> 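I have a structure I would like to understand better, so I am pasting it below and will then ask my questions one at a time.
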2 protein chains.
Amino acid sequence: MHEGQTLSIGRLARASGLGVETLRYYERRGLLAPAGRTASGYRQYRPEAVRRLRFIRRAQALGFSLDEIRELLALAEVPDGDAGRVKAITQEKIADIERRIRDLARMKASLETLAERCPGHGPTAQCPILDALAGEDDA
Amino acid sequence: MHEGQTLSIGRLARASGLGVETLRYYERRGLLAPAGRTASGYRQYRPEAVRRLRFIRRAQALGFSLDEIRELLALAEVPDGDAGRVKAITQEKIADIERRIRDLARMKASLETLAERCPGHGPTAQCPILDALAGEDDA
DNA sequence: CTTGACCCTGTAGTCGGCTACAGGGTGTAG
DNA sequence: CTACACCCTGTAGCCGACTACAGGGTCAAG
């Protein structure tokens with residue numbers, strides 16, 4: 001080992017800030033394959049693996065799942081891949097996030113309406129929040 | 001069975017729109033205990049269980065977890081419970097939702113910036129989205 | 001009296017993204 | 001030569017909220 005041009009899994013883990021188990025997990029998920037193996041079976045990574053892991057980390061921060069990131073990485077690997085596909089994936093993700101924001105905003109609005117009507121003291125018997133949850137009327 | 005005042009688990013499932021397995025799951029999670037059992041061990045529910053399940057469904061729609069709903073139900077059960085606690089739980093949930101909305105809004109803004117800069121056609125070699133994910137610069 | 005719908009318990013699987021072993025083999029410093 | 005850190009595979013656990021059996025017992029209709 002330690003042959004200059006390759007990294008062991010432990011070194012790559014330290015270089016990327018991830019755990020060894022996580023790197024092996026990414027390999028199982030098809031996100032990061034080692035460049036090769038030593039005679040004794042140790043994984044060998046090229047220094048570029050650090051970039052690939054940074055790609056994964058950033059894409060995760062943008063809300064992409066590992067499956068989506070796998071597709072993005074595949075597109076990034078071939079220089080003549082379809083940039084339109086990348087944009088399409090990105091816009092699907094934007095739409096997905098917008099849906100989630102709308103759902104959360106609706107929840108928040110309902111909760112705020114309930115919280116406003118609640119005095120915040122006294123017995124639960126007259127609590128409008130619990131009344132609303134338990135009530136007969138549809139909602 | 002079928003004694004007018006009680007419901008079997010299957011009847012309660014149909015009355016509430018939930019599955020039988022879900023009701024047994026709620027029981028394990030401490031959200032819904034049957035009023036009793038028949039001699040042969042069948043669960044017997046009172047008609048009020050339908051209201052309780054509606055409470056659970058609505059609380060879920062507002063973003064509460066089953067653990068939180070268990071606490072809300074416990075507060076609703078004793079008429080002299082602390083309404084302030086109910087309001088506090090509600091406001092924690094509002095804050096939690098606000099955090100999630102902010103996180104999603106940040107993701108969305110980043111994705112939109114990237115999507116704008118992307119022509120949406122041509123090879124991935126000049127795709128600003130992939131460049132941004134792979135690049136050296138922090139982000 | 002049989003059929004079929006219902007009920008019981010207990011366990012295991014699903015999703016996503018890890019994380020933690022157990023039980024081995026390997027590589028290197030002192 | 002012996003520690004000790006590192007590596008390997010394979011499996012199992014975690015979170016939350018279900019969902020799906022397997023392998024039984026029960027109940028009502030015909």
Side-chain angles (χ1 to χ4, degrees), chain A residues 1-4 6-45 49 53 55-73 93 96-97 100 103, chain B residues 1-4 6-45 49 53 55-73 93 96 100 103 107:
Chain A
M1 289 265 124
H2 201 306
E3 293 177 17
T6 61
L7 293 144
S8 70
I9 195 167
R11 282 175 176 274
L12 179 57
R14 278 188 292 275
S16 65
L18 293 165
V20 165
E21 308 277 8
T22 303
L23 300 182
R24 286 198 277 248
Y25 173 69
Y26 285 173
E27 183 177 349
R28 281 201 299 284
R29 292 293 303 270
L31 292 162
L32 177 76
R37 297 271 185 152
T38 66
S40 53
Y42 285 23
R43 288 169 181 81
Q44 290 177 300
Y45 297 93
L53 290 169
F55 185 111
I56 294 171
R57 187 169 43 72
R58 287 180 187 163
Q60 275 186 309
L62 291 175
F64 291 108
S65 70
L66 294 185
D67 280 353
E68 289 161 343
I69 295 169
R70 184 156 33 74
E71 183 171 2
L72 289 172
L73 282 166
K93 182 55 63 182
D96 171 43
I97 289 175
R100 286 153 67 190
D103 289 348
Chain B
M1 292 260 124
H2 201 303
E3 294 176 21
T6 61
L7 293 145
S8 70
I9 195 167
R11 282 174 177 272
L12 179 57
R14 278 188 293 276
S16 64
L18 294 166
V20 165
E21 308 278 7
T22 304
L23 300 183
R24 286 197 278 248
Y25 173 68
Y26 285 173
E27 183 177 348
R28 282 201 298 282
R29 292 294 303 271
L31 292 161
L32 177 75
R37 296 269 185 153
T38 67
S40 52
Y42 285 24
R43 288 169 180 82
Q44 291 177 300
Y45 297 93
L53 290 169
F55 186 111
I56 294 170
R57 188 169 43 71
R58 287 180 186 162
Q60 277 187 306
L62 291 175
F64 292 108
S65 69
L66 293 186
D67 280 353
E68 288 160 345
I69 295 170
R70 185 158 31 76
E71 183 171 3
L72 289 172
L73 282 166
K93 182 56 61 181
D96 171 43
R100 285 154 66 190
D103 289 348
M107 287 182 195

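Both backbone and side-chain heavy atoms feed into the values below; hydrogens, waters and symmetry mates do not. Only a predicted model underlies this, so the values are computations on that prediction, with no experimental measurement involved. So you know, we letter chains A, B, ... as the sequences are listed, proteins then strands, and number each from 1.
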> State which residues pass side-chain hydrogen bond (donor to acceptor under 3.5 Å, both in side chains) with A/Glu27; sequence neighbours excluded, sorted by chain then number.
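Listed in chain order: A/Arg43.
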
> Without decimals, in angstroms, what is the distance between B/Ile69 CD1 and D/dG16 P?
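That distance rounds to 13 Å.
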
> Just to confirm, is there a sub-4.0 Å distance from OP1 or OP2 of D/dC7 to any side-chain nitrogen or oxygen of A/Ser8?
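For A/Ser8, the contact criterion (side-chain N or O under 4.0 Å from OP1 or OP2 of D/dC7) is met.
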
> From the list C/dT9, D/dC6, D/dC8, which nucleotide is the closest neighbour of the side chain of A/Arg37?
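The closest nucleotide is D/dC8.
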
> Excluding sequence neighbours, so at least two apart, what forms side chain to side chain contact (heavy atoms under 4.5 Å, CB included) with B/Asp96?
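Result, side chain to side chain contact (heavy atoms under 4.5 Å, CB included) vs B/Asp96: B/Lys93, B/Arg99, B/Arg100.
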
> Let me know the distance between OH of B/Tyr45 and C1' of C/dC8, rounded to the nearest Å.
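Interatomic distance, OH of B/Tyr45 to C1' of C/dC8: 12 Å.
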
> When you check every protein heavy atom under 4.0 Å of nucleotides 16-21 of chain C, what one-letter string (B, S, -) results, 5' to 3'?
-BBBBB

> Round to the nearest Å and state the distance from B/Leu23 atom CG to C/dC7 atom P.
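After rounding, the reported distance stands at 10 Å.
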
> Once you round to the nearest 0.5 Å, how far does CD1 of A/Ile56 lie from CG of A/Leu53?
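A/Ile56 CD1 to A/Leu53 CG: 5.0 Å, rounded to 0.5 Å.
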
> Between B/Gly41 and A/Ala39, which is nearer to the 5' end of DNA chain C once each is assigned its nearest nucleotide?
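Nearest-nucleotide comparison on DNA chain C picks B/Gly41.
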
> Which pair of non-hydrogen atoms, one from B/Leu23 and one from B/Ile9, has the smallest distance, and what is that distance?
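Looking at all heavy atoms of both residues, the shortest contact is CD1-O, 3.6 Å.
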
> Please report the interatomic distance CG(A/Leu66) to CG(A/Leu73), rounded to the nearest 0.5 Å.
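Answer rounded to 0.5 Å: 10.0 Å.
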
> Just how far is it from atom CD1 of A/Ile97 to atom CG of A/Leu62, taken to the nearest 0.5 Å?
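A/Ile97 atom CD1 to A/Leu62 atom CG measures 7.5 Å (nearest 0.5 Å).
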
> Rounded to the Å, how far apart are B/Glu27 CD and D/dC18 P?
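Spelled out: CD on B/Glu27 to P on D/dC18 is 15 Å.
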
> With sequence neighbours excluded, tell me which residues meet side chain to side chain contact (heavy atoms under 4.5 Å, CB included) with A/Glu71.
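Applying side chain to side chain contact (heavy atoms under 4.5 Å, CB included) to A/Glu71 gives A/Leu75, A/Arg85, A/Ile89.
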
> Whole angstrom is fine here: how far is it from CG in B/Leu7 over to P in C/dC7?
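One finds 11 Å between P of C/dC7 and CG of B/Leu7, rounded.
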
> Just how far, in rounded Å, is P of D/dA5 from OH of A/Tyr42?
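In whole Å, D/dA5 P and A/Tyr42 OH are 14 Å from each other.
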
> Think B/Arg70 has a side-chain N or O under 4.0 angstrom from the OP1 or OP2 of D/dG16?
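No, because none of the side-chain N or O atoms of B/Arg70 sits under 4.0 Å from OP1 or OP2 of D/dG16.
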
> Which residues pass the side chain to side chain contact (heavy atoms under 4.5 Å, CB included) test with A/Asp67, sequence neighbours left out?
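A/Asp67 satisfies side chain to side chain contact (heavy atoms under 4.5 Å, CB included) with A/Arg29, A/Ser65, A/Arg70 only.
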
> For the pair made of CZ in A/Arg43 and P in C/dG27, what is the distance, rounded to whole Å?
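Rounded to the whole Å, the gap is 15 Å.
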
> Quick check for you: to the nearest 0.5 Å, what is the distance between B/Gln44 atom CD and B/Arg11 atom CZ?
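Interatomic distance, B/Gln44 CD to B/Arg11 CZ, rounded to 0.5 Å: 12.5 Å.
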
> Quick one: stems for DNA chain C, with Watson-Crick or G-U pairs under 3.5 Å, at least three in a row?
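DNA chain C stems, ordered by first number: C:1-30 with D:1-30.
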
